[in-house]
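Report on the following structure.
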Amino acid sequence: VVTGAVGLISLTPILGCEPDNLNELPKSTDPQPLRIPTSISGGNIAASYGPAQVWPGPMTPALLLNGFFLGPTIKISKGAGFTSQFVNQLGEPSNIHWHGLNVPPEMDGHPMDSVTSGSIQYTFPVLNRAGTYWYHAHPDMLTGKQAYSGFAGFFIIQDQEELALQLPNGDFDIPLLIQDKRTSASSSRIDYTPNSNDIISGFLGNEVFVNGTPNAYLEVKRQAYRLRLLNGSNARVYKIAFDDNRAFSLIATDGGLLDRPYPVESVLLSPGERVEIIVSFEGDIAGKSLRLVSQEFQVAGSHAGAEFQQGQPLNILELRVLNSESVTYSLPTSLSNIEQLNQADAVREKVFPLTMDHSRSKNIHMIDGKVFDMHRSDYQIPFEELEIWEIQNEAEGMHSMHLHGTHFQVLERRFGPPMTPVDYGWKDTVLVNDNETVRIAVKFKDYRGRYMFHCHILEHEDDGMMINVDVI
Ligand SMILES: [Cu+2]
C-alpha cells in the first residue's frame with residue numbers, strides 16, 4: 001500500500017487499509033525496546049532544551065526533563081504530601097499543570113503562574129483516588145510546543161482500595177504515554193512547526209512514539225498485563241485496539257477505577273484522556289508478535305487530501321510474546337463504588353457552545369463566544385453545587401474538553417454515537433465529536449479559586465480555546 005521512502009508523509013492513500021497492512025506503514029527506525037521512565041515521588045523537575053537520543057545515531061533537539069526526553073513517572077500514595085521544585089531552564093515561560101489532580105488553584109499551573117527563569121515550588125496534598133494522572137507544561141500559547149517537544153510525564157496514584165484488588169503489578173503494570181510525531185527517514189528531528197491548517201485540524205503526526213520511543217516493542221510473558229494508556233498527543237484521537245481484534249478489559253478511566261471491568265475490542269482515546277486496560281497473553285504461543293494499534297475511523301469535518309488525517313490507521317506498540325509459562329488470571333468482577341451524580345440534583349444548567357470564526361487567521365476557536373484572556377473571569381460556579389454543563393460542538397471536527405480542579409461525570413451524548421465505557425466513571429477530559437452535544441455533571445468540592453476549562457487539542461488551546469472558571 002505504501003511505497004517510497006520510509007517515514008515520509010505517504011500515509012494519505014491508505015484507505016480501507018486492513019490491520020495486516022499496518023506492518024507496512026513507514027517507520028523511521030528499526031524496532032526499539034520500549035523505554036520505561038524512571039520513578040520518583042517528588043523532588044526537582046528541571047526543564048531544558050537539549051539533545052536527546054531518540055533514534056540510534058544522531059541526537060535529536062528536544063525538551064528534556066531532568067535530562068531525559070519525557071519526564072520521570074511520579075508514583076505516590078493517596079493522602080501523601082507531594083513537593084516538587086520546578087526549575088525552568090527553557091529560556092521561555094513555562095510551568096506545570098498536574099492533569100487530573102485536585103490541587104489548590106495556585107498550584108494548578110495556570111498560565112498566569114508561569115516563570116521565564118528560576119523556579120516554582122509545587123506543594124499539595126494528594127487528594128485523588130488511585131489512578132493514572134499526568135503532568136505537562138501549561139504556559140500561555142506555548143503548551144503545544146513544549147508538550148510536543150517532551151514536557152510530559154505520568155503521575156500515578158495508589159491507594160488501599162486499589163492495592164486490595166491485586167491487579168497485575170510491577171513488571172506487569174506498564175505505563176504507555178502515546179504521542180504522534182512528524183518524522184522522516186532523512187532527519188532525526190521532531191520540530192514543532194504548525195501552519196494555519198494545523199491550527200484548525202491540530203498538529204498531527206505520521207508516526208507514534210510510546211514513552212518517547214519510535215517504533216517501540218515490548219517483550220511480554222504469557223500472562224495478564226495492566227496497561228496504562230495516556231494520550232499525550234497534541235491533537236490525535238486514537239481508536240485503540242489490538243491487530244488481532246482480541247477483547248480486553250477496560251478497568252479505569254481518567255479519575256481511576258470503574259465500578260467493574262468492561263470487555264471491549266476498541267476504545268477511542270482523545271488528547272488528555274487515560275484508560276487502564278487488562279489484556280492477557282496467556283493463550284498466545286511463544287514467539288508470536290502482535291500489535292497495539294490505532295484502527296482507522298471516519299471523522300466528519302476532516303479534510304480529504306490533507307497530509308495528516310485524523311482517523312488514519314497507525315501502529316502504536318509491538319508486543320513480542322516470550323517463551324514463558326502460561327499463567328491464568330481472573331479479574332475481580334467488581335472494582336469500586338462510583339457515586340453516581342444525579343441530574344435531578346443539579347442546581348442549574350449552563351450551555352457552552354464551541355464555535356469557530358473562519359474570518360480570522362488566529363483566535364479561530366472559541367468557547368462560549370470567547371477567546372482566552374487569562375485575566376478575565378469567564379464563568380463562576382458555587383463551591384459544592386452540582387451543575388449540568390452542556391457542551392455543544394459547532395466548531396467542526398473533534399474537540400477534547402478538559403476541566404481543571406475536579407472530576408465530572410458524562411451523562412449523555414446527543415446527535416452522535418452513544419456513550420461507551422471510556423465515558424464511564426470520573427472524568428476530567430471528554431471527547432466531543434463533530435456536531436455532537438455532550439452533557440456532563442460538574443461539582444467542585446475541594447478548593448475555591450480560579451481553574452480552567454479548555455480544549456486539549458493543544459493547537460486549539462494555544463489559539464485561545466480556553467476559559468477561566470472561578471469556583472466561588
Ligand atoms: Cu479543540
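Counting convention: from 1, in listed order, for ligands and their atoms alike.
Remark: side-chain polar atoms of D180 are not paired, donor with acceptor, to backbone N or O of F209 under 3.5 angstrom. The closest donor-acceptor contact from the side chain of N215 to the backbone of Q32 lies at 3.5 Å or more, if one exists at all.
For the side-chain hydrogen bond (donor to acceptor under 3.5 Å, both in side chains) with E273, the lone residue among H456, K427, H402 that qualifies is K427.
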Between side-chain atoms of residues 150-157 and protein atoms elsewhere (two or more places apart, or another chain), which donor-acceptor pairs fall under 3.5 Å?
none

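Taking the ring centre of F203 as origin, the terminal cationic atom of R182 falls inside the region bounded by 6.0 Å and 45° from the ring axis.
Excluding waters, the set of protein N/O/S atoms under 2.8 Å from the Cu ion (ligand 1) reads H399 ND1, C455 SG, H460 ND1.
A salt bridge links K350 with D368: the distance from a Lys NZ or Arg NE/NH1/NH2 to an Asp or Glu carboxylate oxygen falls below 4.0 Å.
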